[in-house]
Amino acid sequence: MKSLPYFNKREMRKIAGFEFELTRNITIGQYVPTGSIIHRMDPRIKLAVFTLLVISMAICDTYVGNFLALMFACLLFYISRIPISYGLSGVKPAIPFILLLALLQLLFYSEVASGGEVLLDYGFIHITTDSIRLVIVSALRFIEIIFISSVLTLSTSTTQITHGMESLLRPLRTVKFPVHEFALIITIALRFVPTFALEMEKMMKAQASRGAEFGTGAWWRIVQRTKDVFPIIIPLFNVAMSRAEDLVLAMESRCYVPGRERSVSKKYKPSRTDYAALMFCIAFAIVLLTFPFPY
Amino acid sequence: MTEQPILEVKHLQHIYMKGTPLEHHALAGVSLKINKGECIAVIGHTGSGKSTLIQHVNGLMRPQAGDVVVDGMDLADPKIDIRLLRRKVGLVFQNPEDQIFEKIIGDDIAYGPFKMGLPIKEVRDRVKWAMELVGLSFEEMKDRATYALSGGQKRKVALAGVLALRPDILVLDEPTAGLDPRSRNELLERLKTLNKKENMTIIFVSHNMEEVAYMADRIYVLADGRNLVDGTPEEVFVEAEKLREHYIGTPDTVEILAQLKAKGFAVRQNAYQLEEAANEIIALL
Ligand SMILES: Nc1ncnc2c1ncn2[C@@H]1O[C@H](COP(=O)(O)OP(=O)(O)O)[C@@H](O)[C@H]1O
Ligand SMILES: [Mg+2]
C-alpha cells in the first residue's frame with residue numbers, strides 16, 4: 001500500500017480525476033428521474049407554486065419564517081427523493097457571493113435597517129440588531145431559493161417546464177407576446193447547457209493534450225489568461241454554430257414552421273394531489289407573509 | 001530479459017459523476033500491458049469505456065482505483081511532471097478537426113511546440129516534420145487557411161498538431177471515423193509508417209475490424225468496462241462467438257473462412273489478412 005503524502009485541494013481534484021469534469025457541477029438542465037410525487041405533479045401547478053414560494057420567501061423577513069421556509073425546502077428534497085447534496089452543490093459556488101453580500105450589508109445597510117439596538121458604532125460602521133437580522137435573513141433566503149429552484153429543475157424535465165410555462169403565459173398572447181417562441185427558446189437554451197458543457201470539457205482536454213494550460217497563470221496577467229482560453233472558445237463557437245445549423249435542419253425537416261399554430265401531444269390535467277399541493281403552498285405562503293412571528 | 005512495458009494499466013476503475021445520483025461505472029477493472037513499438041487496437045461496443053480508458057494514458061484523468069504507469073511515471077502520484085507526460089503521450093481525440101482554432105495551418109500545428117517553450121527554429125522544424133509525416137506539403141500548405149480544408153485534410157492538420165509534440169506513444173480515438181475511404185486508407189498508411197519507421201508506439205480505438213486486422217499487432221477487447229479478450233488478431237478473432245455476444249463483429253475474411261470451413265472446405269482459419277484469405281480461396285478453386 002502506497003502511503004499518501006499531503007495533497008492540496010487542487011491536487012486531490014486531479015487525483016480523483018475531476019479536473020476536467022465540468023458536467024459534475026452543472027445541475028441546470030439536468031433531470032433526475034426518481035418518479036416521486038413531485039416529479040408526477042402537473043408542471044403548470046409546479047411552476048405556479050414555485051413562483052408563489054419564491055415571492056413569499058423573498059418578502060418574509062423574520063428569523064422564524066425563514067427557518068420554516070428552509071425546513072420546507074429541505075422537506076421538498078426529501079419528498080422528491082433527490083439527495084440534498086445536489087442542492088448543496090448548487091449553493092457551493094454561490095458561497096463567496098453570499099459572504100460578500102453579507103459583509104456589505106453588515107457594514108453599509110444600517111441606514112435601511114436602522115431599527116433595533118445599536119451593537120457597534122465605530123466611525124462609519126453602525127451595526128444594529130436589525131442589520132444583523134438583514135444579513136442572516138438574506139443569506140437564508142438565498143439558500144432557500146437555490147434549494148427550491150434545484151428541486152424544480154431536477155424534478156421536471158425541460159419539456160415539461162416549457163410546456164408549463166407556455167400554458168401559464170398563454171393569456172399574454174392577447175397582447176401579441178410570442179409565447180410559443182419564447183418557450184421554445186428557453187427549451188433549446190436549457191437543453192443545450194449540458195451539451196455545451198460536455199463539448200467544452202472535450203475541447204479543454206483536447207487542447208490540454210497539446211500542451212495548453214488553464215488557470216495556471218497569475219490572475220493579474222489578464223491578457224495572458226484571456227489568450228489561454230482562445231483555443232477553447234473559438235472551436236466551441238464553431239461547434240455551437242454547426243449544432244445550431246443542424247438543429248434548424250432537423251426542425252424544418254420535421255415541418256416546423258415559425259409562427260404556425262401547433263397542437264400539443266400531451267394535455268396536462270391537474271390531479272387531486274396537485275390541487276392539494278397548491279392549496280397547501282398558498283396557505284404556507286400566507287403564513288410566511290402575514291403571520292406576526294416574534295423574531 | 002523481459003522488456004519493461006512502456007505502458008502498464010492494472011485493474012483501472014473509473015466512475016463518472018462520482019457521488020451524484022447519476023454516477024456511472026465506466027471502467028470496472030481494465031488491464032493493459034503495452035511494449036515499446038507495438039501497434040495496439042482497442043475495440044469494444046459503444047459505451048464499453050474505450051475513450052475513458054485512453055484519457056487516462058496522458059493524465060487527463062487520474063486513476064480512481066488501480067494503476068496507470070507510463071514509462072516509469074506513476075499517474076496516481078500527483079507530483080509527476082504532467083507536461084512531460086503529455087509530451088510523451090500524444091492523444092488525438094475523436095473528430096480532432098473540431099479543435100483547430102488558428103486561422104493558418106502552420107500556426108495551429110505550431111501551438112503545441114510553442115507551448116513547450118521551444119525556440120522558433122525548432123518549432124519550425126517540428127511543424128515541417130509533422131506536416132510531411134501526415135502527407136501535407138510544408139511549403140504549399142503551411143500558410144493556407146484552416147477553414148477552407150476538406151474533412152480529411154483537417155484531420156491531418158489536427159494529427160500533425162499532436163505529432164509536432166514528438167510523442168513516444170501516439171493514442172488515437174477512432175481516428176478514421178467519418179472519413180471517406182480514400183482518406184481513411186491514406187491515414188492508415190501514414191500511421192503504419194509512423195509505427196514501423198519512427199518506431200512510435202501506437203494505440204488506437206476502432207470499430208472497423210478490417211482496419212484492426214490490417215494494423216494491429218495486438219488487440220484488446222473491452223466490454224462493460226472490463227477486458228473481454230486480448231491477444232494477437234489471430235487469437236482474438238478465434239473467439240468470434242464471444243465477441244458477437246458483445247455486439248462486436250470480426251472481419252469479413254474471418255467470417256468467410258469460418259463459413260467455408262463449416263461447409264467442409266479445408267481452409268486456414270487464421271488467414272484473416274485480405275491477401276492471405278484470397279489465396280486460401282483461390283487454392284480451393
Ligand atoms: N463525461 C461523462 N459523464 C458521465 N458519463 C460519461 C461521460 N463520458 C462517458 N460517460 C459514460 O461512460 C461510459 C463509457 O464511455 P466511453 O468511455 O466514452 O465509451 P466508448 O468510448 O467505449 O464508447 C458510457 O456509458 C458513457 O455514457
Ligand atoms: Mg468513444
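To find a chain, count down the sequence lines: A is the first, B the second, and so on, and within it residues start at 1.
Within 6.0 Å of the CZ atom in B:Arg124, the count of heavy atoms belonging to other residues, nucleotides or ligands does not exceed 12. For B:Lys142, the NZ atom sits in a packed shell: over 12 heavy atoms of surrounding residues, nucleotides or ligands are nearer than 6.0 Å. Applying the 6.0 Å contact sphere to CG of B:Asp107 captures more than 12 heavy atoms from other residues, nucleotides or ligands. Around CZ of A:Phe142, the count of heavy atoms belonging to other residues, nucleotides or ligands within 6.0 Å exceeds 12. For A:Tyr256, the OH atom is densely surrounded, since the number of other residues' heavy atoms within 6.0 Å is greater than 12. The local environment of CZ in A:Arg81 is crowded, with over 12 non-hydrogen atoms from other residues, nucleotides or ligands closer than 6.0 Å. Counting heavy-atom neighbours within 6.0 Å of B:His11 NE2, excluding the residue itself, gives a total of 12 or less. Atom NZ of B:Lys128 is surrounded by 12 or fewer heavy atoms from other residues, nucleotides or ligands within 6.0 Å.
B:Gln55 touches chain A through its side chain: at least one heavy atom from C-beta onward sits under 4.5 Å away, while N, CA, C and O do not. When heavy atoms are compared at a cutoff of 4.5 Å, B:Asp98 approaches chain A by way of both its backbone and its side chain. Contacts between B:Asp173 and chain A at a heavy-atom distance below 4.5 Å are absent for every atom of the residue. Within the 4.5 angstrom heavy-atom criterion, only backbone atoms of B:Ile100 (N, CA, C, O) approach chain A. Contacts of B:Leu91 with chain A are made by both backbone and side-chain atoms, with heavy-atom separations under 4.5 Å.
Between B:Val162 and A:Ser209 there is no side-chain heavy-atom pair separated by less than 4.5 Å. Between B:Asp108 and A:Arg210 there is a side-chain heavy-atom pair separated by less than 4.5 Å.
One distance of note links CZ of B:Phe101 with CD1 of A:Ile232; it measures 10.0 Å at 0.5 Å rounding.
Using a cutoff of 4.0 Å between basic side-chain nitrogens and carboxylate oxygens, A:Asp228 and B:Lys115 are scored as salt-bridged.
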A:Lys205/B:Met61 under side chain to side chain contact (heavy atoms under 4.5 Å, CB included): CA gap, chis, key distance, verdict: CA-CA 10 Å; A:Lys205 286 174 170 173; B:Met61 291 180 173; 3.4 Å; yes
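In this structure, the side chain of A:Gln207 engages the main chain of B:Gln99 through a donor-acceptor pair within 3.5 Å. Side-chain atoms of A:Lys202 never come within 3.5 Å of backbone atoms of B:Phe93 as a donor-acceptor pair (strictly under, hydrogens ignored).
Contact tally against chain B (heavy-atom pairs below 4.5 Å) for A:Pro235, A:Gly211, A:Pro231: the top residue is A:Pro231.
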